[in-house]
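Input: a single structure, listed below in structure tokens.
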Protein chains: 2
Amino acid sequence: MASIKDVAAAAGVSVATVSRVLNAHPSVSADARARVLAAVESLGYRPNAVARSLRTDQTHTLGLVISDVLNPYFTELARSVEEEARALGYSVIIGNADERPDLQDHHVRNLLDRRIDGLLVSPTDGGSPLMLDAARAGTPMVFVDRWIPGVDVPVVRADGRAAVQDLVAHLHALGHRRVAIIAGPAATTTGSERVEAFRAALAAYGLPLPDVYIGQGDFQAASGRRVTEGFLDLPEPPDAVFAADNLMALGALDAVRARGLRVPDDIALAAFDDIPWFVHTDPPVTAIAQPTGELGRAAVRALVDRIEGRPAASVTLAARLVVRRSCGEAPETARIIPTPSLPPVQRSTT
Amino acid sequence: MASIKDVAAAAGVSVATVSRVLNAHPSVSADARARVLAAVESLGYRPNAVARSLRTDQTHTLGLVISDVLNPYFTELARSVEEEARALGYSVIIGNADERPDLQDHHVRNLLDRRIDGLLVSPTDGGSPLMLDAARAGTPMVFVDRWIPGVDVPVVRADGRAAVQDLVAHLHALGHRRVAIIAGPAATTTGSERVEAFRAALAAYGLPLPDVYIGQGDFQAASGRRVTEGFLDLPEPPDAVFAADNLMALGALDAVRARGLRVPDDIALAAFDDIPWFVHTDPPVTAIAQPTGELGRAAVRALVDRIEGRPAASVTLAARLVVRRSCGEAPETARIIPTPSLPPVQRSTT
DNA sequence: GTGACGCTTGGAATCGATTACATCGAGACG
DNA sequence: CGTCTCGATGTAATCGATTCCAAGCGTCAC
């Protein structure tokens, strides 16, 4: 592969001049510029990003560590992150943690070793020492979707409380009284928050959320299935189940179907995180939709702000309920319930 | 961030010795090794991968350029690629081409600039000059799923011909005679091959595949919808539609549903590429399943072979038909039809 | 006792860029 | 006409590692 020296030799100038041409430095004569450009062209020269990074201490690369690539929510997030990053001149290296803290740390370490300019994380657990150290050491960092409390890192996420209230209102209106939740890991903020929001919304209707109706899942399909089977084995099974993410909802659907039961006639089902497939399932699944694309873009903008020395802002967007048929035939005419109680965008500087 | 010099100073040795300890070079005294390790520990030193790459001309990184991250098939492929790569000591940088040749080239250029050790591509089009140059220039490269004919690069893919024959047999047995296909872009091998396999299989039953029954899609959901609408507008619409990928099948399902029609009663539907969601759609979709995970792993092994100087082998695995309910109630008892005509694995050295 | 050998170790070159500093020449101005 | 300024250019240091080469030193055999 041709190096800058080869170009310099071919153009009859020094490497400094070649570098100046390549970096659009003003003081280069038109003649020298033309000769360099010609040499670059004829040699098919491309600057070595590795060498450049070593010298400038910038890789123009963002690291993104997500909890689970197979989850369409995170796939869409990854896609929007890459898009916005590309628009701002950055590349993205994605690490898939598969909901495993050890894998998460592996990827964080790897990305740090590669001297990425900044890190976007949706933490799998509550506090990897590695990540805390990195944050303290000043690595530009932004949490997306999930976060770690007590760390001074901007958070970009969706607030689902209003939408959960709408969901509970919807379930209540359809006559469901024994409602259960398939929760995510308590170590994740989304895991615990969704349970709390659900419990609070139920309380407003005087409905309890007994412990046997809180199933412990791990955001993966298998756990949704397992928990749902547990619910169905109960002497008094719930008449509605809320899955804290889409994969666990899929597992729940599996479990219900395996028993020869039907949604929503035998049991209602709703999910956090809406995905295109929910329109086509049997029945279409009522879900809480996050503004995923906007979340990804906002997270990148915040991170790049931080990297380039501007103040980075935390961002909270609103999620909304999308009613379909999995909780019963809806009496409402509106299929999407807006959540006027929460402003569409809240910004706070961190 | 601490550098090797800091470690050397702290341990009272030269940088050469530190480097030897870090790289497990044999001739280092136990005493020196202990002091270096202690210094590494207390400084929290981590070698700078950028500097190391510059010097050794190896990044231990693989590039993966896929056609569309939102397609669950490619997501699963990406996941298995990353897994196998990690097991072999490599990281993966994923580029999403979104079925756009310009984006594909952007990512290839970017990855080449970063001096990745090897490139895994599922080409969006038939022949980007950039990719041809890279292949000729000796960049270790492997095509996965799709390939570019006439380039001397190993190909790892699934052969779907036998499964397509099984699908046609299935459709024929259920009485479907006017069968149509939503094809992928002719510029991709998978796009054209699937049409040819389908046409050939139909011919064996004396069934035609008229041009009006070949809809031109682009592997994205919207095109599946558009093409299906066109089919339904025909004076004599098909009674079965085969979508050449899962996203277009989703679009087709949309279109059928939007007309108030039902699958399979009004029109049968089958797809290439099976995904977990197809079990839960209304109705469950009959699909041709590729051994996606094995494909990804085999591709990485082939690429790493090439990188590390061993001969790389092309690999062809068999796809299989998974019968569900979207083509009509199946008379067979077996839900998975094995394809005994094709051996499970074919290997050929390239 | 001494030369050879082998194990450790350090010095310094190197990878391919960027960039501070020095130099050179030409034009401007008094 | 001398000097000052400024634009264009080159030299060389530098980023953080790896690795070749030479040197130091202890041990062993003769």
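Proteins come first, then strands; the chains are lettered A, B, ... in the order of their sequence lines, and each starts at number 1.
- Here C/dC15 presents its C1' atom at 8 Å from CG of B/Asp57, a figure rounded to the nearest Å.
- When distances run from any side-chain atom of B/Ser3 to the nucleotides D/dA17, C/dT9, C/dG10, the shortest one goes to D/dA17.
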- Task: Tell me, with the steps shown, if A/Arg114 and B/Thr61 meet side chain to side chain donor-acceptor pair (under 3.5 Å).
- Result: CA-CA 11 Å; A/Arg114 286 165 188 272; B/Thr61 303; 2.7 Å; yes

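- OP1 or OP2 of D/dG10 lies within a sub-4.0 Å distance of a side-chain N or O belonging to A/Thr17.
- Here the shortest heavy-atom pairing between A/Asp6 and A/Met1 reads OD2-O, 4.3 Å.
- In this model, the phosphate group of C/dT18 is approached by a side-chain N or O of A/Arg52 to a distance below 4.0 Å at OP1 or OP2.
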- Item | A/Asp31 vs A/Arg35, salt bridge (Lys or Arg N to Asp or Glu O under 4.0 Å): CA-CA, chis, key distance, verdict | CA-CA 6 Å; A/Asp31 175 57; A/Arg35 292 212 312 280; 2.5 Å; yes

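- Heavy atoms of B/Val13 sit under 4.0 angstrom from primed sugar atoms or phosphate atoms, though from no base atom.
- Contact annotation for B/Val28: backbone-only contact, meaning every heavy-atom pair under 4.0 Å involves sugar-phosphate atoms and none involves a base.
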- Query: Run the side chain to side chain donor-acceptor pair (under 3.5 Å) check on A/Arg146 and A/Ser67 step by step: do they pass?
  - Reply: CA-CA 10 Å; A/Arg146 311 177 183 175; A/Ser67 322; 3.2 Å; yes

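- A donor and an acceptor atom, one from each side chain of A/Tyr73 and A/Asp68, are nowhere located under 3.5 Å apart.
- Shown here for B/Leu119 and B/Leu303, the closest heavy-atom pair between the two residues is N-CD2, 3.7 Å.
- Taking the nucleotide of DNA chain C with the nearest heavy atom to each of B/Pro26 and A/Pro47, the more 5' of the two is matched to B/Pro26.
- Nearest-nucleotide mapping onto DNA chain D: of B/Ala49 and A/Ser14, the residue sitting toward the 5' end is A/Ser14.
- Remark: C1' of D/dG7 and CG of A/Asp31 are 14 Å apart, rounded to the nearest angstrom.
- Considering every non-hydrogen atom in both A/Met131 and A/Pro123, the closest pair reads CE-CB, 4.1 Å.
- Between the side chain of A/Arg20 and the base of D/dG10, a donor-acceptor pair under 3.5 Å is found.
- The side chain of A/Ser29 places an N or O atom within less than 4.0 Å of a non-bridging phosphate oxygen (OP1 or OP2) of D/dT9.
- Distance, A/Arg114 CZ to D/dC15 P: 23 Å, rounded to whole Å.
- At least one side-chain nitrogen or oxygen of A/Ser19 sits closer than 4.0 Å to the OP1 or OP2 atom of C/dT18.
- Note that the two end axes of the helix from C/dG1-D/dC30 to C/dG30-D/dC1 enclose an angle of 60°, each drawn from 5 base pairs, rounded to 10 degrees.
- Between the CG atom of A/Leu54 and the P atom of C/dT19 there is a distance of 13 Å, given to the nearest Å.
- Residues A/Lys5 and A/Arg55 both approach DNA chain C. Their nearest nucleotides, taken by heavy-atom distance, put A/Lys5 toward the 5′ side.
- Between A/His25 atom NE2 and C/dA17 atom P there is a gap of 18 Å when expressed in whole angstrom units.
- Considering only side-chain N and O atoms, B/Asn23 lies under 4.0 angstrom from the phosphate OP1 or OP2 of D/dT18.
- Atom CD1 of B/Ile4 is separated from atom P of D/dC15 by 14 Å (rounded to the nearest Å).
- What separates CG of A/Asn48 from C1' of D/dC15 is a distance of 13 Å, to the nearest Å.
- The residue A/Ser27 sits close to a base: some heavy atom pair falls under 4.0 Å.
- The distance from atom CD of A/Gln58 to atom P of C/dT18 is 11 Å, rounded to the nearest whole Å.
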- Item | side chain to side chain donor-acceptor pair (under 3.5 Å) assessment of A/Asp125 paired with A/Gln104 | CA-CA 9 Å; A/Asp125 64 350; A/Gln104 169 180 280; 3.2 Å; yes

